[in-house]
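Below is one structure; the comments refer to it alone.
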Amino acid sequence: MTAVASITPEPVRKSVTVDAPVERAFEAFTSEFGTWWPATHSIGSSPLKNAVIEPRTGGRWYEIGEDGSECEWGEVLAWEKPARLVLAWRIGIDWRYDPNLLTEVEIRFTPVGESSTRVELEHRLLENMGDKAAAARETFSSPGGWPGLLAAYASKVKAA
(Lines give C-alpha, C1' and ligand atoms only; values in the text may rest on other atoms or scores of the structure.)
Protein backbone atom coordinates (compact mmCIF):
# COMPACT_ATOMS: atom_id res chain seq x y z
CA MET A 1 0.00 0.00 0.00
CA THR A 2 1.35 3.40 -0.95
CA ALA A 3 1.08 6.29 1.46
CA VAL A 4 -0.80 9.24 0.07
CA ALA A 5 0.98 12.51 0.77
CA SER A 6 -1.25 15.31 1.86
CA ILE A 7 -0.43 18.80 0.78
CA THR A 8 -0.24 21.29 3.60
CA PRO A 9 -1.47 24.71 2.50
CA GLU A 10 0.83 27.63 3.09
CA PRO A 11 -0.26 29.93 5.91
CA VAL A 12 -1.92 33.18 4.91
CA ARG A 13 0.58 35.98 5.56
CA LYS A 14 -0.38 39.64 5.28
CA SER A 15 1.10 42.82 6.69
CA VAL A 16 0.48 46.52 6.99
CA THR A 17 2.52 49.42 8.36
CA VAL A 18 0.58 51.90 10.49
CA ASP A 19 1.52 55.41 11.57
CA ALA A 20 1.46 54.74 15.30
CA PRO A 21 3.93 53.66 17.96
CA VAL A 22 3.88 49.93 18.75
CA GLU A 23 1.86 50.35 21.98
CA ARG A 24 -0.88 52.27 20.14
CA ALA A 25 -0.90 49.78 17.26
CA PHE A 26 -1.38 46.87 19.68
CA GLU A 27 -4.09 48.71 21.62
CA ALA A 28 -6.02 49.56 18.45
CA PHE A 29 -5.90 45.94 17.31
CA THR A 30 -6.97 44.44 20.63
CA SER A 31 -8.92 46.79 22.91
CA GLU A 32 -10.57 48.57 19.98
CA PHE A 33 -11.11 45.40 17.95
CA GLY A 34 -14.88 45.86 17.82
CA THR A 35 -14.56 49.39 16.39
CA TRP A 36 -12.81 48.31 13.20
CA TRP A 37 -14.01 44.72 12.66
CA PRO A 38 -16.75 44.99 10.00
CA ALA A 39 -20.30 44.07 10.98
CA THR A 40 -20.51 42.01 7.77
CA HIS A 41 -17.98 39.56 9.25
CA SER A 42 -20.28 37.94 11.78
CA ILE A 43 -21.25 34.33 12.43
CA GLY A 44 -23.86 34.90 15.12
CA SER A 45 -27.61 34.60 14.73
CA SER A 46 -28.09 38.29 15.52
CA PRO A 47 -26.41 41.18 13.64
CA LEU A 48 -22.99 42.08 15.06
CA LYS A 49 -22.93 44.77 17.74
CA ASN A 50 -19.37 44.25 18.99
CA ALA A 51 -16.38 41.94 18.67
CA VAL A 52 -14.14 41.32 21.68
CA ILE A 53 -10.65 40.03 22.41
CA GLU A 54 -10.21 39.58 26.17
CA PRO A 55 -6.79 41.00 27.17
CA ARG A 56 -5.04 37.92 28.55
CA THR A 57 -3.77 34.48 27.61
CA GLY A 58 -6.78 32.19 27.94
CA GLY A 59 -9.19 35.06 27.29
CA ARG A 60 -12.16 34.68 24.98
CA TRP A 61 -12.42 35.91 21.39
CA TYR A 62 -16.08 36.36 20.46
CA GLU A 63 -18.84 38.52 19.07
CA ILE A 64 -21.83 40.11 20.74
CA GLY A 65 -25.03 40.37 18.73
CA GLU A 66 -27.47 43.25 18.77
CA ASP A 67 -29.79 41.07 20.87
CA GLY A 68 -27.04 40.55 23.49
CA SER A 69 -26.25 36.99 22.39
CA GLU A 70 -22.62 35.88 22.31
CA CYS A 71 -20.96 33.72 19.69
CA GLU A 72 -17.51 32.23 20.29
CA TRP A 73 -14.74 32.55 17.68
CA GLY A 74 -11.86 31.09 19.70
CA GLU A 75 -9.55 32.14 22.48
CA VAL A 76 -6.32 34.03 23.18
CA LEU A 77 -3.38 31.62 23.04
CA ALA A 78 -0.66 34.22 23.68
CA TRP A 79 -0.88 37.80 24.95
CA GLU A 80 2.53 39.46 24.80
CA LYS A 81 1.70 43.16 24.86
CA PRO A 82 2.78 45.09 22.81
CA ALA A 83 4.74 42.72 20.57
CA ARG A 84 2.63 39.65 19.82
CA LEU A 85 -0.85 38.18 19.97
CA VAL A 86 -1.92 34.63 19.03
CA LEU A 87 -5.59 33.77 18.64
CA ALA A 88 -7.23 30.37 18.21
CA TRP A 89 -9.53 30.59 15.18
CA ARG A 90 -12.20 27.94 15.60
CA ILE A 91 -14.47 28.95 12.73
CA GLY A 92 -14.89 26.48 9.89
CA ILE A 93 -15.21 27.31 6.21
CA ASP A 94 -18.97 27.00 6.78
CA TRP A 95 -18.68 30.08 9.06
CA ARG A 96 -19.71 28.18 12.19
CA TYR A 97 -17.89 27.91 15.48
CA ASP A 98 -16.31 24.49 15.94
CA PRO A 99 -14.69 23.90 19.35
CA ASN A 100 -12.76 20.95 17.88
CA LEU A 101 -11.15 22.98 15.08
CA LEU A 102 -7.91 24.80 15.73
CA THR A 103 -6.23 27.19 13.35
CA GLU A 104 -4.10 30.04 14.65
CA VAL A 105 -3.90 33.73 13.86
CA GLU A 106 -0.63 35.29 15.02
CA ILE A 107 -0.18 39.05 14.91
CA ARG A 108 3.26 40.59 15.47
CA PHE A 109 3.83 44.28 16.11
CA THR A 110 7.32 45.55 15.22
CA PRO A 111 8.41 49.18 15.68
CA VAL A 112 9.58 50.93 12.52
CA GLY A 113 11.25 54.06 13.78
CA GLU A 114 9.64 56.04 16.59
CA SER A 115 6.15 56.49 15.23
CA SER A 116 5.33 53.59 12.90
CA THR A 117 4.64 49.91 13.43
CA ARG A 118 4.74 46.98 11.04
CA VAL A 119 1.84 44.64 11.77
CA GLU A 120 2.34 41.12 10.42
CA LEU A 121 -0.49 38.60 10.45
CA GLU A 122 -0.15 34.88 9.86
CA HIS A 123 -3.17 32.53 9.74
CA ARG A 124 -1.78 29.01 10.00
CA LEU A 125 -2.71 25.36 10.60
CA LEU A 126 -5.22 25.59 7.77
CA GLU A 127 -4.60 21.89 7.12
CA ASN A 128 -6.77 21.29 10.20
CA MET A 129 -9.73 22.23 7.98
CA GLY A 130 -9.21 18.99 6.08
CA ASP A 131 -10.41 18.94 2.49
CA LYS A 132 -11.65 22.53 2.86
CA ALA A 133 -8.15 23.89 3.61
CA ALA A 134 -7.41 25.19 0.11
CA ALA A 135 -10.80 26.92 -0.12
CA ALA A 136 -10.26 28.45 3.33
CA ARG A 137 -6.83 29.76 2.33
CA GLU A 138 -8.29 31.31 -0.81
CA THR A 139 -11.07 32.97 1.20
CA PHE A 140 -8.73 34.29 3.91
CA SER A 141 -6.35 35.67 1.24
CA SER A 142 -9.12 37.39 -0.75
CA PRO A 143 -9.91 41.13 -0.50
CA GLY A 144 -12.79 40.34 1.87
CA GLY A 145 -10.46 38.31 4.08
CA TRP A 146 -7.33 39.37 5.95
CA PRO A 147 -6.22 42.03 3.41
CA GLY A 148 -9.49 43.93 3.81
CA LEU A 149 -9.54 43.43 7.57
CA LEU A 150 -6.01 44.80 7.95
CA ALA A 151 -6.97 47.77 5.77
CA ALA A 152 -9.94 48.46 8.08
CA TYR A 153 -7.63 48.19 11.08
CA ALA A 154 -5.07 50.56 9.49
CA SER A 155 -7.84 53.10 8.82
CA LYS A 156 -8.89 52.92 12.48
CA VAL A 157 -5.34 53.52 13.67
CA LYS A 158 -4.95 56.46 11.27
CA ALA A 159 -8.23 58.05 12.37
CA ALA A 160 -7.30 57.95 16.06
Side-chain angles (χ1 to χ4, degrees), residues 8-44 47-64 71-97 101-129 132-160:
T8 301
E10 285 291 313
V12 174
R13 292 183 181 99
K14 303 295 175 188
S15 64
V16 65
T17 300
V18 295
D19 294 326
V22 68
E23 294 83 4
R24 171 72 191 122
F26 188 92
E27 188 75 13
F29 196 98
T30 58
S31 297
E32 300 168 24
F33 183 71
T35 66
W36 61 265
W37 188 267
T40 54
H41 287 52
S42 168
I43 64 167
L48 181 74
K49 180 179 179 183
N50 197 9
V52 179
I53 300 172
E54 292 181 342
R56 67 183 181 283
T57 299
R60 296 169 60 214
W61 183 28
Y62 63 102
E63 70 179 77
I64 301 170
C71 184
E72 299 294 326
W73 293 359
E75 64 274 351
V76 179
L77 300 175
W79 182 273
E80 300 169 14
K81 185 178 180 180
R84 180 175 173 259
L85 173 70
V86 182
L87 302 167
W89 174 281
R90 298 185 183 277
I91 301 170
I93 193 67
D94 61 356
W95 303 113
R96 293 176 193 232
Y97 175 74
L101 173 67
L102 174 64
T103 66
E104 294 178 352
V105 179
E106 178 176 10
I107 306 97
R108 291 188 174 273
F109 302 83
T110 306
V112 180
E114 292 182 20
S115 61
S116 293
T117 302
R118 182 158 179 82
V119 181
E120 297 170 294
L121 181 144
E122 179 181 89
H123 193 159
R124 59 183 175 241
L125 300 178
L126 299 177
E127 62 272 18
N128 292 346
M129 293 189 165
K132 305 287 188 210
R137 186 181 193 291
E138 188 174 314
T139 298
F140 297 146
S141 296
S142 73
W146 289 118
L149 294 167
L150 285 178
Y153 157 74
S155 292
K156 169 63 181 174
V157 174
K158 188 175 185 177

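FYI, side chains are in, hydrogens and waters are out, and symmetry mates aren't considered; it's all heavy atoms of this structure.
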(message) Looking at every heavy atom in both Ala136 and Ile93, which two are closest together, and how far apart are they?
(response) CA-CD1, 3.5 Å
(request) Return the set of residues passing side chain to side chain donor-acceptor pair (under 3.5 Å) with Thr117 (not counting sequence neighbours), or none when no residue passes. (result) none
(request) Using side-chain contact (heavy atoms from CB on, under 4.5 Å) as the criterion, list what pairs up with Glu104, not counting sequence neighbours. (result) Leu77, Val86, Leu102, Arg124, Leu125
(message) Run the side-chain contact (heavy atoms from CB on, under 4.5 Å) test against Glu10 and tell me which residues pass, sequence neighbours left out.
(response) Arg13, Arg137
(message) Please evaluate residues Arg24 and Glu32 with respect to the criterion salt bridge (Lys or Arg N to Asp or Glu O under 4.0 Å), reporting the C-alpha separation (whole Å), side-chain torsions for both, the decisive distance (0.1 Å), and the verdict.
(response) CA-CA 10 Å; Arg24 171 72 191 122; Glu32 300 168 24; 2.8 Å; yes
Cut-off 3.5 Å, no hydrogens considered: what does the side-chain donor-acceptor table look like for residues 51-60, sequence neighbours left out?
unit_1 : atom_1 : unit_2 : atom_2 : d
Glu54  : OE1    : Arg56  : NH2    : 3.2
Glu54  : OE1    : Arg60  : N      : 2.8
Thr57  : OG1    : Trp79  : N      : 3.1
Arg60  : NE     : Glu72  : OE2    : 3.0
Arg60  : NH1    : Glu70  : OE1    : 3.2
Arg60  : NH2    : Glu70  : OE1    : 2.6
Arg60  : NH2    : Glu72  : OE2    : 2.7

With a 4.5 Å cut-off on side-chain heavy atoms, are [Y] and [X] touching?
X	Y	value
Thr103	Phe140	no
Tyr97	Glu63	no
Glu114	Pro21	no
Thr30	Ile107	no

(request) For the pair Arg118 (side chain) and Thr17 (backbone), establish whether a donor and an acceptor sit closer than 3.5 Å, ignoring hydrogens and angles. (result) no
(message) Check whether His41 reaches the backbone of Gly144 with its side chain - one donor and one acceptor, N or O, closer than 3.5 Å.
(response) yes
(request) Using ring-ring contact (aromatic ring centres under 6.0 Å, His included) as the criterion, list what pairs up with Tyr62, not counting sequence neighbours. (result) none
(request) Could you pull out all residues at least two apart from Trp36 that satisfy ring-ring contact (aromatic ring centres under 6.0 Å, His included)? (result) Phe29, Phe33, Tyr153
(request) Would you give the length of the straight line joining atom OG1 of Thr35 to atom NZ of Lys156, rounded to the nearest 0.5 angstrom? (result) 3.5 Å
(message) I need the Leu121 CG to Lys14 NZ distance, nearest 0.5 Å.
(response) 10.0 Å
